[in-house]
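In what follows, every heavy atom counts, from backbone to side chain, and hydrogens, waters and symmetry copies are set aside. Start at 1 with the first residue, then count along the sequence.
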Amino acid sequence: MEKKTIFVVGAGNGCGNRVAEKFGENGFRVILIARNPEHLDSYEKEFRDKGIDVHTKVADAAKPYTLTKAFDELKAEFGTPDVLFYNVGITIPDSIVPVKDEYLLVERYRTDVAGAYHAIQEVLDDEFRRKHGTILVTGGGLALSPMDDFLPLSMDKAALRAMCLALHDSLKKDGVFVGTVTVTGVIAPGEKCDPKLLAEDFWHLYTERNECEIIH
């Protein structure tokens with residue numbers, strides 16, 4: 001049987017790597033994508049030490065052309081993925097980086113929302129549809145309960161959630177599943193939103209292919 005592949009955009013020591021690990025433990029080839037090559041090197045070693053088939057690629061979700069280049073190279077080597085997992089979001093409080101004009105809003109939106117849309121379009125080809133591919137996205141509770149201290153992120157998570165809900169309905173006729181986990185707390189080990197628990201939610205979405213959203 002052909003090995004399945006997951007592209008993880010936004011690899012990191014929180015939710016991203018734990019979801020990747022969950023899929024790797026279940027026989028997936030894992031492709032970790034992030035903008036920091038040094039971090040990717042350490043992640044690759046960690047996954048290889050656990051016996052997971054892992055590969056890495058440098059790309060920045062804020063720069064769509066880098067995603068296009070990375071995806072083209074990865075698809076040439078491994079083929080169209082079976083799963084795309086988008087796990088990117090700028091979570092800096094507005095008190096640290098004040099929102100002074102609309103340019104910052106657009107910059108954040110480009111990464112948090114437009115980057116996800118771009119990544120989805122990059123994998124959404126005939127082969128992805130033939131495979132009945134899966135698109136998974138990390139959402140946020142700010143979409144449901146926005147906060148002035150995180151205004152750009154609140155707006156972006158609401159837009160991201162709307163995109164997932166809309167695409168879930170429009171793509172299911174093609175056999176493509178879109179799902180999101182709306183994370184309502186701090187992502188940290190031992191907390192309500194422990195990354196390992198979130199990984200179980202994403203695995204549930206992938207295996208059941210029914211509900212579009214899990215609110216955790």
Side-chain angles (χ1 to χ4, degrees), residues 3-92 108 110-123 133-140 153 156-157 160 164 179-181 183 186-189 193-203 205-206 216:
K3 177 169 263 190
K4 293 185 176 181
T5 301
I6 180 171
F7 286 5
V8 179
V9 181
N13 282 322
C15 183
N17 285 9
R18 296 293 72 80
V19 172
E21 183 178 355
K22 178 68 178 181
F23 278 78
E25 290 171 346
N26 282 276
F28 273 73
R29 176 190 298 114
V30 172
I31 311 295
L32 301 176
I33 302 168
R35 63 185 179 180
N36 188 307
E38 289 77 19
H39 290 171
L40 285 173
D41 287 344
S42 68
Y43 303 155
E44 183 173 13
K45 182 181 184 306
E46 172 194 344
F47 276 62
R48 290 199 187 283
D49 288 346
K50 294 178 180 179
I52 294 173
D53 182 1
V54 62
H55 305 266
T56 63
K57 184 67 70 172
V58 175
D60 185 349
K63 301 173 181 176
Y65 64 90
T66 68
L67 281 179
T68 297
K69 182 176 183 293
F71 279 33
D72 285 348
E73 293 172 354
L74 290 169
K75 288 192 287 184
E77 185 173 359
F78 302 110
T80 297
D82 300 86
V83 179
L84 168 66
F85 174 43
Y86 193 84
N87 177 62
V88 177
I90 301 175
T91 58
I92 303 170
R108 299 281 184 85
R110 182 180 298 115
T111 301
D112 296 344
V113 185
Y117 184 80
H118 184 79
I120 290 169
Q121 296 307 310
E122 287 295 324
V123 301
T134 298
I135 297 164
L136 301 173
V137 177
T138 302
L153 188 60
D156 291 351
K157 287 301 183 182
L160 192 65
C164 290
T180 181
V181 175
V183 182
V186 175
I187 299 176
C193 296
D194 188 304
K196 290 186 177 181
L197 297 178
L198 298 176
E200 293 296 333
D201 288 341
F202 280 109
W203 184 251
L205 288 175
Y206 168 73
H216 188 124

- [ ] Answer yes or no: does atom NZ of K50 have more than 12 heavy-atom neighbours from other residues, nucleotides or ligands under 6.0 Å?
- [x] yes
Open item on the list: Are there over 12 heavy-atom neighbours, none belonging to K75, within less than 6.0 Å of that residue's NZ?
Closed with: yes
TODO: Identify the two heavy atoms, one from V58 and one from A70, that lie closest to each other, and give their separation to 0.1 Å.
DONE: O-CB, 4.3 Å
Task: Flag, side chain of H55 to backbone of I31, donor-acceptor distance under 3.5 Å - done: no
Open item on the list: So, taking the atom named CG in D82 and the one named CD1 in I6, what distance separates them when rounded to the nearest 0.5 Å?
Closed with: 9.5 Å
Open item on the list: Salt bridge or not between E46 and R18? Use side-chain N to carboxylate O under 4.0 Å.
Closed with: yes
Task: Ring centre gap for F7 and F71 strictly below 6.0 Å - done: yes
Task: Separation between OG1 of T111 and CG of D60, rounded to the nearest 0.5 Å - done: 6.5 Å
TODO: Check step by step if side-chain contact (heavy atoms from CB on, under 4.5 Å) holds for E122 and T68.
DONE: CA-CA 7 Å; E122 287 295 324; T68 297; 3.1 Å; yes
Task: Note: K3-D53 ion pair, threshold 4.0 Å (strictly below) - done: yes
TODO: Keeping the roles fixed (side chain from N87, backbone from G10), state whether a donor-acceptor pair exists under 3.5 Å.
DONE: yes
TODO: Assess whether side-chain contact (heavy atoms from CB on, under 4.5 Å) is satisfied between T5 and V83, documenting all intermediate values.
DONE: CA-CA 7 Å; T5 301; V83 179; over 6 Å; no
- [ ] Answer yes or no: is there a side-chain heavy-atom contact under 4.5 Å between H216 and L198?
- [x] yes
Open item on the list: Which heavy atom of L67 sits nearest to which heavy atom of A59, and what is that distance?
Closed with: CD2-CB, 4.0 Å
TODO: Identify the heavy atoms of D194 and P189 that sit nearest to each other, and give their distance.
DONE: OD2-CA, 3.4 Å
Task: By ring-ring contact (aromatic ring centres under 6.0 Å, His included) - contacts of F47 (at least two apart) - done: none
- [ ] Spell out, as yes or no, whether a donor-acceptor pair under 3.5 Å connects the side chain of R48 to the backbone of V54.
- [x] yes
- [ ] Please step through side-chain contact (heavy atoms from CB on, under 4.5 Å) for the pair L84 and V9, ending with a clear verdict.
- [x] CA-CA 8 Å; L84 168 66; V9 181; 3.9 Å; yes
TODO: Write down the atom of P195, the atom of I187, and the distance for their closest heavy-atom approach.
DONE: CG-CG2, 3.7 Å
TODO: List the atom of A20, the atom of V8, and the distance in Å for their closest heavy-atom pair.
DONE: CB-CG2, 3.8 Å
Task: Minimum-distance pair of heavy atoms, taken over all atoms of V137 and F202 - done: O-CE2, 3.5 Å
Open item on the list: Can you tell me which residue among F85, F23, F78 is in a ring pair (Phe, Tyr, Trp, His ring centres under 6.0 Å) with F28?
Closed with: F23
Task: Evaluation steps, salt bridge (Lys or Arg N to Asp or Glu O under 4.0 Å), between K196 and E200 - done: CA-CA 6 Å; K196 290 186 177 181; E200 293 296 333; over 6 Å; no
Please set out all donor-acceptor pairs under 3.5 angstrom arising from side-chain atoms of residues 32-43, sequence neighbours excluded.
unit_1	atom_1	unit_2	atom_2	d
N36	OD1	E38	N	2.9
N36	OD1	H39	N	3.0
S42	OG	H39	O	2.7

TODO: Show your reasoning for whether side-chain contact (heavy atoms from CB on, under 4.5 Å) applies to L205 and L136.
DONE: CA-CA 8 Å; L205 288 175; L136 301 173; 4.1 Å; yes
Task: Partner of T138 by side-chain contact (heavy atoms from CB on, under 4.5 Å), out of V181, T180, V183 - done: V183
Open item on the list: Please check this pair: side chain of D156 against backbone of V113, looking for a donor-acceptor N/O pair closer than 3.5 Å.
Closed with: no
